[in-house]
Colleague: 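Before I ask anything, let me first share the structure, which is written out below as structure tokens.
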Protein chains: 2
Amino acid sequence: MDGLITAVIQDHMSGRVLMVGFMNEEAFRKTVETGYATFFSRSRNKLWLKGETSGHRLVVKDIATDFDRSALLIRVEAQGPGVCHEGYQSCFFRRLEDGAWQVSEERAYDPGSVYGSKP
Amino acid sequence: MDGLITAVIQDHMSGRVLMVGFMNEEAFRKTVETGYATFFSRSRNKLWLKGETSGHRLVVKDIATDFDRSALLIRVEAQGPGVCHEGYQSCFFRRLEDGAWQVSEERAYDPGSVYGSKP
């Protein structure tokens with residue numbers, strides 16, 4: 001994957017999986033050094049400090065890796081009500097129900113008031 | 001990623017993240033149809049029913065996806081003591097401690113007795 005590793009972000013208290021992102025070596029180093037989860041954005045092709053715009057940063061509590069170091073599991077304290085830029089607590093807000101994806105929870109915040117017109 | 005989607009596997013009771021795998025469309029369809037997590041193995045370039053050799057299958061309880069459907073979160077009941085072929089309950093058995101990866105838990109089973117000489 002062009003030097004990118006999958007990073008699973010999990011709330012350290014509730015155990016809820018909040019999002020999946022990608023890191024390159026620099027993003028991983030920044031994450032460890034700063035204590036805030038930093039990803040590599042494939043769409044923008046640059047480093048991305050999660051919460052840069054919204055203030056909803058992810059404070060790293062614990063980092064684990066799997067046997068061949070192809071993925072990271074990062075447990076965090078999420079600052080702010082949600083990590084999803086659509087206003088949900090978790091990016092995984094859609095569940096498969098009877099063969100269709102259904103939104104399975106209420107929004108935790110109003111994305112318009114956080115991101116303005118720039119999502 | 002060549003039609004592959006990241007699948008995060010989480011224990012539905014404990015909330016522990018057990019592993020990260022990849023699915024193509026066929027693997028996803030099999031997972032939904034059979035109720036057992038089925039991945040696409042990038043190293044073997046074919047479908048892989050988790051637990052085929054060990055019997056440690058993953059019974060699907062719930063499937064969620066993120067906003068752009070780039071990842072799946074699958075909550076499972078894990079049959080058997082562990083998902084990691086090295087004998088651990090979770091593939092994420094190594095933690096970053098003072099800048100080095102350290103094994104952070106005991107083995108849950110003896111991989112030799114499950115897999116024999118074929119890992």
Side-chain angles (χ1 to χ4, degrees), chain A residues 1-2 4-22 28-29 31-33 35 42-43 60-75 82-88 90-105 111 119, chain B residues 1-2 4-22 28-29 31-33 35 42-43 60-75 82-88 90-105 111 119:
Chain A
M1 299 215 299
D2 304 329
L4 294 182
I5 187 169
T6 303
V8 178
I9 304 296
Q10 183 179 34
D11 186 287
H12 79 122
M13 292 296 284
S14 70
R16 185 152 193 211
V17 174
L18 300 176
M19 62 175 286
V20 170
F22 295 92
F28 176 68
R29 197 165 40 76
T31 297
V32 173
E33 282 173 11
R42 293 181 296 174
S43 56
V60 174
K61 295 290 182 181
D62 187 66
I63 303 179
T65 192
D66 59 358
F67 86 99
D68 58 357
R69 296 173 201 186
S70 63
L72 296 168
L73 173 62
I74 304 183
R75 295 197 304 167
V83 305
C84 172
H85 71 276
E86 295 195 15
Y88 297 94
S90 164
C91 291
F92 294 97
F93 62 86
R94 278 201 204 86
R95 278 196 190 166
L96 193 63
E97 286 172 22
D98 300 325
W101 296 110
Q102 305 285 355
V103 173
S104 59
E105 65 189 72
Chain B
M1 299 215 301
D2 304 330
L4 294 183
I5 188 169
T6 303
V8 178
I9 304 296
Q10 183 178 33
D11 186 286
H12 80 121
M13 292 297 283
S14 70
R16 184 152 193 210
V17 174
L18 301 176
M19 61 176 285
V20 170
F22 295 91
F28 176 68
R29 197 166 39 76
T31 297
V32 172
E33 282 173 13
R42 293 181 297 173
S43 56
V60 174
K61 294 291 180 180
D62 186 67
I63 303 180
T65 191
D66 59 357
F67 86 100
D68 58 357
R69 296 173 201 186
S70 63
L72 297 167
L73 173 62
I74 304 183
R75 295 197 304 167
V83 304
C84 172
H85 71 276
E86 294 194 17
Y88 297 94
S90 164
C91 291
F92 293 98
F93 63 86
R94 278 202 204 86
R95 278 196 190 165
L96 193 63
E97 286 171 22
D98 300 325
W101 296 110
Q102 306 284 355
V103 172
S104 59
E105 65 189 72

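Just so it is clear: chains get the letters A, B, ... in the order the sequence lines come, proteins before strands, and each one is counted from 1.
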Colleague: Out of B:Leu73, B:Asp68, B:Val8, which one racks up the most heavy-atom pairs below 4.5 Å with chain A?
Modeller: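 Highest number of heavy-atom pairs under 4.5 Å: B:Leu73.
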
Colleague: What residue, out of B:Cys91, B:Ser104, B:Gly15, has the most heavy-atom pairs lying under 4.5 Å from chain A?
Modeller: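 Among B:Cys91, B:Ser104, B:Gly15, the one with the most close pairs to chain A is B:Cys91.
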
Colleague: Is A:Leu96 close to B:Val32 at the side-chain level, that is, under 4.5 Å between some pair of heavy atoms?
Modeller: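 B:Val32 reaches A:Leu96 side chain to side chain.
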
Colleague: Under 4.5 Å from any heavy atom of chain A, what part of B:Arg75 do you find: side chain, backbone, both or neither?
Modeller: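 Answer is side chain: those atoms of B:Arg75 sit under 4.5 Å from chain A.
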
Colleague: Under 4.5 Å, counting heavy-atom pairs only, tell me which of B:Glu97, B:Glu86, B:Arg69 racks up the most with chain A.
Modeller: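 Counting heavy-atom pairs under 4.5 Å, the top option is B:Arg69.
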
Colleague: Ignoring hydrogens, what is the shortest heavy-atom contact between A:Leu72 and B:Phe92? Give both atom names and the distance.
Modeller: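 Distance-wise, the nearest heavy atoms are C-CE2, 3.8 Å.
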
Colleague: Can you tell if the side chain of B:Asp66 reaches within under 4.5 Å of the side chain of A:Met19, non-hydrogen atoms only?
Modeller: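 No, too far: nothing below the 4.5 Å cut-off.
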
Colleague: One pair to check against side-chain contact (heavy atoms from CB on, under 4.5 Å): A:Ile63 and B:Arg95. What are the steps and the verdict?
Modeller: CA-CA 6 Å; A:Ile63 303 179; B:Arg95 278 196 190 165; over 6 Å; no

Colleague: Do B:Gln10 and A:Val17 have side chains that get closer than 4.5 Å, going by heavy atoms?
Modeller: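 A side-chain contact exists here, since the closest heavy-atom pair is under 4.5 Å.
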
